[in-house]
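Written out below as structure tokens is the structure these notes cover.
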Amino acid sequence: METTTTKEKEPTIRSYAVVWIALVILTAVTVTIGALHVGSLSVILSLAIAAAQATLVFVYFMHLRYEKHPVIRLIVPIVFILLAIFIGLTFSDVLTR
Amino acid sequence: MSAEHAHAGHSGGGKLGMWLFISTEMLLFGGLFLLYAMYRYNHPIDFHEASQELSRFFGTLNTCVLFSSSFTVALAVLFLRQGDKAKARLFLLITIALALAFITVKGFEWAAKFHHGLYPSSATLLARPKGEILYFGLYFTMTGIHALHVLIGIGLFSVIYFLINKGSVTPQRPILLENTILYWSMVDVIWIFLFPLFYLIS
């Protein structure tokens with residue numbers, strides 16, 4: 001029996017395994033939703049699940065949970081805000097033509 | 001790169017540099033995702049028709065293979081840090097095998113498309129509606145650049161395998177392996193978005 005405290009400072013085999021299983025389960029969910037033909041709702045749902053999976057990878061596999069460097073902690077939010085601006089500005093043009 | 005790390009002493013600078021590189025990689029794919037979003041908005045029916053031709057089975061299989069490879073390489077660095085070089089090398093080899101499996105499945109998918117005359121600028125493809133030409137153009141470009149990143153990853157893992165043998169990637173100095181894991185996780189994140197957008201959304 002291993003004694004894992006509630007506040008883990010370092011990743012363990014178990015925490016990696018849990019994340020891996022969560023990623024596979026989320027894939028199964030998104031594939032199932034894709035097969036249901038729920039129309040435009042499927043776009044929102046699969047992108048939401050993709051965002052959840054990406055967050056799991058960033059936080060655990062890329063160790064952002066254990067990261068102390070302030071710049072490294074900010075990089076992912078900055079990239080996604082930039083992409084949101086690009087996509088938002090482009091569609092503000094496309095949608096109003 | 002390894003020489004710089006050897007002199008750095010601690011991993012702060014090397015890791016920050018890797019993250020900056022990863023941010024540029026995400027912006028590179030971000031531009032392609034923007035193109036996808038626009039063309040999909042302009043040609044919703046063509047994109048739907050074309051996406052039906054991809055194999056969901058192979059797409060799902062490859063997604064799971066890629067997640068498994070991220071898991072095994074995470075274990076490799078865990079064992080390296082604990083000083084268990086033999087297990088670190090074993091899990092590195094499993095990771096390389098999984099990455100090769102991903103490329104093999106991708107190869108079969110592309111081969112099937114080529115067999116049906118679907119490849120960039122082919123006569124069969126150009127005879128199709130405009131939206132389908134755009135869809136397959138983006139499909140081959142984005143999964144192609146992604147597959148290139150997977151191949152680079154296999155190269156990096158192989159080099160690190162030998163560097164562990166040689167003794168220049170050690171439990172005290174695992175930064176090269178850690179940075180490669182950051183790179184590999186980024187490859188994962190890109191696939192996480194590619195998979196639903198090309199294979200699932202109808």
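Letters A, B, ... mirror the listed sequences (proteins, then strands); counts begin at 1. For clarity, every value in this text was computed on a predicted model and none was experimentally measured.
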Between [X] and chain B, which part of the residue has a heavy atom less than 4.5 Å away: side chain, backbone, both or neither?
X     : answer
A:T30 : both
A:F91 : side chain
A:L64 : side chain
A:L23 : both
A:I75 : side chain
A:A17 : both

Would you compute the distance between atom [atom1] of [X] and atom [atom2] of [Y] and round it to the nearest 0.5 angstrom?
X      : Y      : atom1 : atom2 : result
B:M18  : B:E25  : CE    : CD    : 8.0 Å
B:L194 : B:T143 : CG    : OG1   : 7.5 Å
B:L197 : B:Y139 : CG    : OH    : 13.5 Å

Tell me whether [X] at atom [atom1] has more than 12 heavy atoms from other residues, nucleotides or ligands lying less than 6.0 Å away.
X      : atom1 : answer
B:F114 : CZ    : yes
A:F80  : CZ    : yes
B:Y161 : OH    : yes
B:L148 : CG    : yes

So for [X], is it side chain, backbone, both, or neither that comes closer than 4.5 Å to the heavy atoms of chain A?
X      : answer
B:F195 : side chain
B:L20  : both
B:L182 : both
B:S23  : both

Please rank [options] by heavy-atom pairs under 4.5 Å with chain B and give me the top one.
options                    : result
A:L82, A:L45, A:V94, A:V24 : A:V94
A:I33, A:L95, A:V19        : A:L95
A:F58, A:W20, A:F86, A:F61 : A:W20

Under 3.5 Å donor-acceptor, B:Y119 side chain and B:F140 backbone: no

Top contributor to chain A contacts, counting heavy-atom pairs under 4.5 Å, from B:I190, B:I181, B:T60: B:T60

Give the table of side-chain donor-acceptor pairs shorter than 3.5 Å for residues 70-86 of chain B, with sequence neighbours excluded, one pair per line with atom names and distance.
from: B:S70; atom 1: OG; to: B:D188; atom 2: OD2; distance (Å): 2.7
from: B:T72; atom 1: OG1; to: B:S68; atom 2: O; distance (Å): 3.3
from: B:T72; atom 1: OG1; to: B:S69; atom 2: O; distance (Å): 3.0
from: B:T72; atom 1: OG1; to: B:T95; atom 2: OG1; distance (Å): 2.9
from: B:R81; atom 1: NE; to: B:E178; atom 2: OE2; distance (Å): 3.1
from: B:R81; atom 1: NH1; to: A:E10; atom 2: OE1; distance (Å): 3.4
from: B:R81; atom 1: NH2; to: B:E178; atom 2: OE2; distance (Å): 2.4
from: B:D84; atom 1: OD1; to: B:K87; atom 2: N; distance (Å): 3.3

